[in-house]
*Asks:* 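Quick one: the structure is below, and I'll ask about it shortly.
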There are 2 protein chains.
Amino acid sequence: MANRAAKDALFDGFAEVAKALANGRRAELIDVLAQGERHVDDLATEIGQSVANTSFHLRALASVGLVHTRRDGTRIYYRLASDRVAALWAGLRSVAETHLEVLDDLAHAYLGDRSGLEQISRDELARRIDAGDVLVIDVRPTAEYTAGHIAGARSIPIDGLARRLRTLPTDVEIVAYCRGPYCVYADDAVRLLRRRGRQARRLTDGFPEWRTERRPIEHGVPA
Amino acid sequence: MANRAAKDALFDGFAEVAKALANGRRAELIDVLAQGERHVDDLATEIGQSVANTSFHLRALASVGLVHTRRDGTRIYYRLASDRVAALWAGLRSVAETHLEVLDDLAHAYLGDRSGLEQISRDELARRIDAGDVLVIDVRPTAEYTAGHIAGARSIPIDGLARRLRTLPTDVEIVAYCRGPYCVYADDAVRLLRRRGRQARRLTDGFPEWRTERRPIEHGVPA
DNA sequence: CGCCTCCTCAAGAGAACACTTGAACAGTCG
DNA sequence: CGACTGTTCAAGTGTTCTCTTGAGGAGGCG
């Protein structure tokens, strides 16, 4: 090998990027940021860590260019650097799902039993939206809805779903969606709705996948 | 958060896969294995490490399911678990290329000046192969050619190119390819050929990308 | 201008990682 | 069956990583 040191350094560079994803808390951050930008305090609560530690992890992500920041008043908002990062995160999940044996157990421990949980694909949901015979609810936290949501979806964060049940029409099927296939919010929503006798399914994956396919989205605060 | 411990464990699971890629030597192993299966001794030479250390890294990759093994005689061959792993590796490179600032410098230090190096896309190469007015040479080590190569390509490992120059026709353009965009073999081949007055270009990327697109490939030892 | 909020930095403890060396193991082939 | 080859394992050392605590900015708002 003519130039071993330079080759090693180059591949160490690629490894730096992998290293940024090689921590569960940073992976959670990426997963949340794939929904849209958020500020540090918020992210700390989201991943259940101290603000200092969250800031530290965000710096680790920023130092290899995976996230960018902007300031708004006293707050600093972080966002993914590009769709490529979201795609890399999706690829990582896909590989883990396919090849990492323990992942099934881990997923089952977190998600619980999904056998009675009916799902709907992005394609079918798009058709149903066009037909107009479906109510799409976004059960993620409000901040994520504001940062971007499926066009026409209504924001009903999972915490407020039970209370707001009576405001939902009874004559159409309800489709709930959240962050992605490993997010429990939509699961919880569908289970709750079905217990109350509603016709409900969850979108198989979540908002980032919808956006990545360039399907119609909207931004802005809930009505 | 209802179930913080289970969620953390799940994301630690995803992070395990990233951790497997989070080392320069393991990244080199993935890059080589994306060409096709290889045995441990061979891989150790390829990445410039001891056999023991290489075996250790391969175990790290195997423990998260990224690589599989098979035995043939006294040798054990490692291969990527699936195309998804190759795709993840490609995604990682793409993100690093786009977002990691130092990568340009690292790449330049290893690859040298590419300004005078003419490239050809996969699409165009496919058309030229159909037209039959091009000679495609595979300048990777023989083991990689044997494990799989572009249909119709001739195996001329870079070490033997100068010696075998006279066996190449002078009336067609030559296209050299190797492992991918960060591989120097094809660069060296094109530079050598052009110094000798031949018309030569390199394929922009390499064999794995060609295979991923399901373009025609062949297996087997050089003629 | 000074206080306040939000975020980052620095130091430190405990755990995990990378690579080396030398020994042990597992098949295979004569 | 015994020797050999190719591979893995185990122990050890120096380095890097994670998270905590408490102090130190940066910028806005009263």
Side-chain angles (χ1 to χ4, degrees), chain A residues 4-5 7-9 11-30 32-33 37-64 66-79 143, chain B residues 4-5 7-9 11-30 32-33 37-64 66-79 143:
Chain A
R4 172 53 62 187
K7 180 170 188 184
D8 284 2
F11 279 77
D12 283 348
F14 294 128
E16 280 301 306
V17 174
K19 211 171 282 183
L21 296 172
N23 172 277
R25 257 29 67 217
R26 288 198 292 271
E28 290 187 47
L29 286 171
I30 294 285
V32 174
L33 291 174
E37 64 171 15
R38 298 291 281 277
H39 58 83
V40 180
D41 216 30
D42 208 5
L43 289 166
T45 313
E46 196 66 66
I47 68 167
Q49 297 285 313
S50 70
V51 171
N53 197 29
T54 303
S55 173
F56 169 81
H57 282 308
L58 286 167
R59 265 188 74 74
L61 293 171
S63 75
V64 295
L66 295 189
V67 301
H68 291 163
T69 61
R70 76 175 175 91
R71 176 178 279 275
D72 179 26
T74 72
R75 292 216 148 102
I76 292 179
Y77 285 83
Y78 280 79
R79 65 179 185 280
Chain B
R4 173 53 62 187
K7 180 169 188 186
D8 283 1
F11 280 78
D12 284 347
F14 294 128
E16 280 302 305
V17 175
K19 212 171 281 183
L21 296 172
N23 173 276
R25 259 28 69 218
R26 287 198 293 270
E28 288 188 47
L29 286 170
I30 293 286
V32 174
L33 291 173
E37 65 172 15
R38 299 290 281 277
H39 57 85
V40 180
D41 219 29
D42 208 4
L43 289 166
T45 312
E46 196 66 67
I47 67 167
Q49 298 285 312
S50 69
V51 171
N53 197 28
T54 303
S55 173
F56 168 81
H57 283 309
L58 287 167
R59 267 188 73 75
L61 292 171
S63 75
V64 295
L66 295 189
V67 301
H68 292 162
T69 62
R70 78 176 173 88
R71 176 178 279 275
D72 178 27
T74 72
R75 293 217 149 102
I76 292 179
Y77 285 83
Y78 281 77
R79 65 179 184 281

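Atoms considered below: every heavy atom in the structure, side chains included; atoms not considered: hydrogens, waters and symmetry mates. Below, read A as the first sequence line, B as the second, and so on, with proteins coming before strands; counting in each chain starts at 1. Being a predicted model, the structure only gives us computed values, none of them experimental.
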*Asks:* B:Phe56 CZ to C:dG22 P: how many Å, rounded?
*Replies:*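 Answer to the nearest Å: 19 Å.
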*Asks:* Taking only the side-chain heavy atoms of B:His39 (C-beta and beyond), determine which of C:dC6, C:dT8, D:dT7 contains the nearest atom.
*Replies:*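 Closest nucleotide among those given: D:dT7.
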*Asks:* In whole angstrom, what separates A:Asn23's CG from D:dC17's C1'?
*Replies:*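 Spelled out: CG on A:Asn23 to C1' on D:dC17 is 9 Å.
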*Asks:* With the side chain of A:His57 defined as its heavy atoms from C-beta on, choose the nearest nucleotide among D:dC17, D:dC19, D:dT7.
*Replies:*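 Comparing D:dC17, D:dC19, D:dT7 against the side chain of A:His57, the answer is D:dC19.
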*Asks:* Please report the shortest heavy-atom distance between A:Ala143 and A:Asp42, naming the atom on each side.
*Replies:*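 Result for this residue pair: CB-OD2, 4.2 Å.
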*Asks:* Would you mind reading off the distance between A:Asn53 atom CG and C:dA13 atom P, rounded to a whole angstrom?
*Replies:*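 Value for this atom pair: 18 Å.
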*Asks:* Can you tell me how far P of C:dG27 sits from OH of B:Tyr77, to the nearest Å?
*Replies:*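 Going from OH in B:Tyr77 over to P in C:dG27 covers 17 Å.
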*Asks:* Where the side chain of B:Arg59 is concerned, which of D:dT18, D:dT8, C:dC19 is the nearest nucleotide?
*Replies:*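 Nearest to the side-chain atoms of B:Arg59, counting from C-beta on, is D:dT8.
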*Asks:* Checking contacts here: which listed nucleotide (C:dG22, C:dC9, C:dC19) is nearest the side-chain heavy atoms of A:Ala52?
*Replies:*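 Selected nucleotide: C:dC9.
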*Asks:* Which comes earlier along DNA chain D counting from the 5' end, the contact point of A:Ser50 or that of A:Glu16, where each point is its nearest nucleotide?
*Replies:*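 The residue mapped nearer the 5' terminus is A:Glu16.
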*Asks:* C:dG27 C1' sits how many Å from B:Arg70 CZ, rounded?
*Replies:*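 For the pair B:Arg70 CZ and C:dG27 C1', the rounded distance is 15 Å.
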*Asks:* Could you write out DNA chain D as a dot-bracket string, with dots for unpaired bases, | for bases paired across to another strand, and Watson-Crick or G-U pairs counted at under 3.5 Å?
*Replies:* ||||||||||||||||||||||||||||||
*Asks:* Hey, does the side chain of A:Thr54 reach the backbone of A:Ser50 with a donor-acceptor pair shorter than 3.5 angstrom?
*Replies:*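 Side chain of A:Thr54 to backbone of A:Ser50, a donor-acceptor pair under 3.5 Å: yes, one is there.
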*Asks:* Write down the distance between CZ (A:Arg75) and P (C:dT8), rounded to a whole number of angstrom.
*Replies:*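 Checked: the CZ to P distance equals 13 Å.
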*Asks:* With the side chain of B:Gln49 defined as its heavy atoms from C-beta on, choose the nearest nucleotide among C:dT20, C:dC9, C:dT8.
*Replies:*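 Among the listed nucleotides, the one closest to the side chain of B:Gln49 is C:dT20.
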*Asks:* Kindly point out which of C:dG27, D:dT18, C:dC7 is positioned nearest to the side chain of B:Arg71?
*Replies:*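 Minimum distance to the B:Arg71 side chain belongs to C:dG27.
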*Asks:* Any salt bridge between A:Glu28 and B:Arg4, counting N to O under 4.0 Å?
*Replies:*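 Yes, this pair counts.
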*Asks:* So which atom in A:Ala27 and which in A:Leu21 form the shortest heavy-atom distance, rounded to 0.1 Å?
*Replies:*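 Residues A:Ala27 and A:Leu21, closest heavy atoms: CB-O, 4.4 Å.
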*Asks:* Measure across A:Tyr78 and A:Thr69 and return the closest heavy-atom pair with its distance rounded to 0.1 Å.
*Replies:*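 In terms of heavy atoms, the two residues are closest at CE2-CG2, 3.2 Å.
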*Asks:* Kindly point out which of C:dT8, C:dG22, D:dG27 is positioned nearest to the side chain of A:Ser55?
*Replies:*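 Taking heavy atoms from C-beta onward, the closest nucleotide is C:dT8.
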*Asks:* Can you check whether B:Tyr78 has a side-chain N or O nearer than 4.0 Å to OP1 or OP2 of D:dT8?
*Replies:*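 Answer yes for this pair, as a side-chain N or O of B:Tyr78 is under 4.0 Å from OP1 or OP2.
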*Asks:* Taking only the side-chain heavy atoms of A:Thr74 (C-beta and beyond), determine which of D:dC19, C:dT8, C:dT5 contains the nearest atom.
*Replies:*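 Per side-chain heavy atoms of A:Thr74, the pick is C:dT5.
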*Asks:* Compare every heavy atom of B:Ala15 with every heavy atom of A:Gly24, then report the nearest pair and how far apart it is.
*Replies:*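 So the two residues come closest at N-CB, 3.5 Å.
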*Asks:* Take the protein atom CZ of B:Arg26 and the nucleotide atom P of C:dA18, then report the distance between them rounded to whole Å.
*Replies:*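 Taking CZ of B:Arg26 and P of C:dA18, I get 5 Å after rounding.
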*Asks:* Taking atom P of D:dC19 as reference, at what distance in whole Å does atom CD of A:Glu28 sit?
*Replies:*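 It is 10 Å, rounded to the nearest whole Å.
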*Asks:* Would you mind checking if B:Arg25 and B:Glu46 are paired as a salt bridge, meaning a charged N to carboxylate O distance below 4.0 Å?
*Replies:*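 Looking at B:Glu46 and B:Arg25, the cut-off is not met.
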*Asks:* Locate the shortest heavy-atom distance separating B:Leu58 from B:Val67; write the atom from each residue and the value.
*Replies:*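 What the structure gives for the nearest pair is O-CG2, 3.9 Å.
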*Asks:* Between D:dG22, C:dC7, D:dT7, spot the one nearest the side chain of B:Val51, thanks.
*Replies:*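 Looking only at side-chain atoms, B:Val51 lies closest to D:dT7.
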